[in-house]
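Let me begin by presenting the structure, written as structure tokens, before commenting on it.
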Amino acid sequence: MQALYAQLLVGLINGSFYALLSLGLAVIFGMLNIINFAHGALYMMGAFMAYFLLNLGGINYWWALLLAPIIVGIFGMILERTMLKFLTGLDHLYGLLLTFGIALIVQGVFQNYFGSSGLPYAIPDQLKGGMNLGFMFLPVYRGWVVIFSLVVCLATWFLIEKTRLGAYLRAATENPTLVRAFGINVPRMITLTYGLGVGLAALAGVLSAPINQVRPLMGADLIIVVFAVVVIGGMGSIMGSIITGFALGVIEGLTKYFYPEASNTVVFVLMVLVLLVKPTGLTGRAA
Amino acid sequence: MTALTDDTLPVTPRAMRDEMILFVVMAVLLAAVPFSGIYPFFVMQALCFALLACAFNLLIGYGGLLSFGHAMFMGTAGYCSAHALKVWALPPELGILVGIAAAFALSIITGYISIRRQGIYFSMITLALSQLLYFIYLQAPFTHGEDGIQGIPQGHMFGVLDLSKPTVLYYVVMVGFLAGFLLIYRIINSPFGEVLKSIRENEPRAISLGYRTDQYKFLAFILSGTLAGFAGALKVFVAQNASLTDVHWSMSGEVVLMTLVGGLGTIFGPVVGAFAIIAMQQYLASFGQWVTVIQGSIFVICVLTFRRGVIGEFAHYFRRSL
């Protein structure tokens with residue numbers, strides 16, 4: 001049973017990353033009509049930023065948790081201002097191609113300087129060690145990742161669904177021209193939205209740095225799994241992305257315990273099944 | 001919304017004549033390669049990728065469907081051909097047929113699944129499916145995992161053509177490429193191809209005219225996947241191995257890049273793009289990971305400034321359809 005609980009926990013952690021990343025993809029897609037292929041590369045940049053802050057600036061994990069998403073988010077906003085904004089009105093596919101190119105550039109540059117092997121990032125002192133819960137041993141850091149991700153996801157949901165700013169955002173997603181006519185600076189909102197989505201990816205990167213090693217290609221395969229998550233959940237609803245992300249992580253964890261050979265493929269197989277039964281995705285509206 | 005290829009010219013007799021002249025020029029140039037001192041291995045490799053890119057272009061350029069998993073057809077056909085040649089000791093022509101049949105079967109399955117969603121979702125689904133296949137091949141015993149299938153015998157095609165001779169192999173690959181190219185050209189200019197283009201331009205209107213667009217897209221997907229499999233089967237004879245790199249997503253990305261550079265929805269664009277990208281990889285091989293950075297930059301530059309691609313810009317400038 002110990003092993004089962006351990007795999008469930010790993011599943012929940014992966015699920016947190018899926019949720020944070022697919023949430024960012026959904027927010028960006030809503031505003032920019034772009035599938036951000038660079039999301040995995042930006043997640044990797046978040047982890048590297050934490051590494052740089054610690055090793056070059058002596059800035060600890062807690063500050064990195066705040067600073068890395070902001071720095072990478074600003075980098076994202078520069079990308080949006082200098083490149084992505086010129087794609088408005090073009091076919092969606094060009095956004096995919098452009099961000100794929102950006103992902104190749106970013107990953108290639110990091111691979112040049114850091115090779116393909118992993119760099120270690122230590123767990124902060126406050127979160128070291130573990131707790132004995134009676135039925136299992138819970139490493140504190142892993143528990144922290146799950147809870148903190150859940151809080152961030154819910155906060156994002158609250159921001160978009162329940163606040164005035166979120167209302168502007170949703171309105172601009174539905175009809176940007178009309179919202180502009182009301183005097184709201186929609187282009188600036190688009191830039192900020194992209195920054196928010198990118199920041200969420202970078203935050204997931206910082207969280208994962210002490211668990212998975214910091215590697216230039218850490219986001220390359222992950223983003224494909226997240227695409228499958230997005231296809232399963234649909235991008236129509238924020239809460240849908242969060243729930244699908246966590247649920248798929250758990251299912252993946254269970255697969256690792258019961259049938260490890262399929263743990264790499266289970267999300268893709270589920271995607272196929274969902275497409276056969278309900279082509280629009282679990283929560284999605286027709287595209 | 002601007003369509004992917006914004007200027008479509010009607011097929012006139014003049015356009016047909018231009019294209020046939022260009023085709024003959026291309027065939028003559030290719031036939032002359034063994035006498036020119038150009039390294040034939042490079043050209044053979046480029047031809048396989050050119051055929052793959054043309055097959056991919058059939059789907060994106062004429063059907064408006066961006067597949068981000070086309071390497072899976074090439075890789076699957078490659079593995080199956082290699083297995084048939086090495087383990088079953090089949091002659092080359094049958095080995096190629098096994099590869100094509102495998103790609104055909106795979107394209108029916110993946111097409112049936114992925115065609116259910118449009119646009120951006122279609123791309124993500126094809127990418128995820130190819131990643132699923134990648135993991136299956138990584139674990140399946142017959143692919144030999146990371147090592148791949150190596151030392152594949154080239155054999156005698158039809159019992160007479162000794163494929164271990166580079167010149168003979170070159171002409172076989174060339175004829176295979178030209179046949180595939182002509183088939184795609186024929187498909188594009190058939191009534192089926194015209195319907196496909198109308199779906200790309202305006203799907204709701206095509207539906208309202210009574211076309212069952214899903215069936216057209218499904219058929220286009222099968223044709224494209226099968227032809228990509230043909231390219232993969234040919235490549236087995238050139239590289240004499242079948243490995244995981246041929247199924248990896250980065251290979252699918254390269255195919256997209258080749259077609260984008262040459263020109264989406266142009267007839268000769270994918271060929272030009274494939275030669276350009278393969279040549280670039282050849283000359284810049286010593287730069288290691290910078291090749292990835294350069295490829296990424298080409299993506300960005302093409303999308304931002306150069307969406308018609310090399311051939312597309314030419315065609316636009318001269319008001320021809322190439």
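A quick note: this is a predicted structure, and the numbers were derived from the prediction, not measured. Chain letters run A, B, ... following the sequence lines, proteins first and then strands; every chain starts at 1.
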Below 4.5 Å from any heavy atom of chain B, which atoms of [X] appear? Answer side chain, backbone, both or neither.
| X | value |
| --- | --- |
| A/V225 | neither |
| A/F110 | neither |
| A/I34 | neither |

Given a strict heavy-atom distance threshold of 4.5 Å, which part of [X] is in contact with chain A: side chain, backbone, both, or neither?
| X | answer |
| --- | --- |
| B/V256 | side chain |
| B/L260 | side chain |
| B/F68 | side chain |
| B/L304 | side chain |

Can A/M271 and B/I125 be said to form a side chain to side chain contact (heavy atoms under 4.5 Å, CB included), step by step?
CA-CA 8 Å; A/M271 179 195 82; B/I125 293 166; 3.9 Å; yes
Do you know the tightest heavy-atom contact between A/L96 and B/S123?
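The pair with the smallest heavy-atom distance is CD2-CB, 3.6 Å.
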State, to 0.1 Å, how close B/R116 and A/P279 come at their nearest heavy-atom pair, and which atoms those are.
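Closest approach of B/R116 to A/P279, heavy atoms only: NH1-CG, 3.5 Å.
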Would one find more than 12 heavy atoms of other residues, nucleotides or ligands at under 6.0 Å from atom [atom1] of [X]?
| X | atom1 | answer |
| --- | --- | --- |
| B/F218 | CZ | yes |
| B/F142 | CZ | yes |
| B/Y211 | OH | no |
| B/E146 | CD | no |
| B/F306 | CZ | yes |

Heavy-atom pairs under 4.5 Å with chain A, option from B/G253, B/A128, B/C302 with the top count
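It is B/A128.
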If the test is side-chain contact (heavy atoms from CB on, under 4.5 Å), which one of A/L275, A/L276, A/V272 qualifies with B/Y112?
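Single pass found, and it is A/L276.
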Spatial distance of atom [atom1] ([X]) from atom [atom2] ([Y]) [nearest 0.5 Å]:
| X | Y | atom1 | atom2 | value |
| --- | --- | --- | --- | --- |
| B/L264 | A/L97 | CG | CG | 7.5 Å |
| A/M83 | B/I301 | CE | CD1 | 9.5 Å |
| A/L25 | B/M124 | CG | CE | 7.5 Å |

Take B/V303 and A/L90, measure what side chain to side chain contact (heavy atoms under 4.5 Å, CB included) needs, and give me the verdict at the end.
CA-CA 10 Å; B/V303 171; A/L90 290 174; 5.9 Å; no
How far apart are the C-alpha atoms of A/F29 and B/I120, what are their side-chain angles, what is the distance that settles it, and do they pass the side chain to side chain contact (heavy atoms under 4.5 Å, CB included) test?
CA-CA 10 Å; A/F29 185 72; B/I120 214 82; 4.1 Å; yes
Considering only residues two or more places apart or on different chains, which pairs with a residue in residues 73-83 of chain A satisfy side chain to side chain donor-acceptor pair (under 3.5 Å)?
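Those involving residues 73-83 of chain A are A/E80-A/T191, A/R81-A/T191.
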Kindly indicate, with the supporting measurements, whether the criterion side chain to side chain contact (heavy atoms under 4.5 Å, CB included) is fulfilled by B/Q139 and A/T265.
CA-CA 11 Å; B/Q139 289 168 356; A/T265 47; 5.8 Å; no
Under 4.5 Å between any side-chain heavy atoms of B/L127 and A/F100, yes or no?
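Answer no - side chains too far apart.
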Are the side chains of A/D221 and B/W249 in touch, meaning some heavy atoms are under 4.5 Å apart?
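Result yes, sub-4.5 Å side-chain heavy-atom pair found.
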Check for a donor-acceptor pair, side chain of B/Q131 on one end and backbone N or O of A/I224 on the other, with a separation under 3.5 Å.
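Checking the backbone N and O of A/I224 against the side chain of B/Q131, no donor-acceptor pair under 3.5 Å is found.
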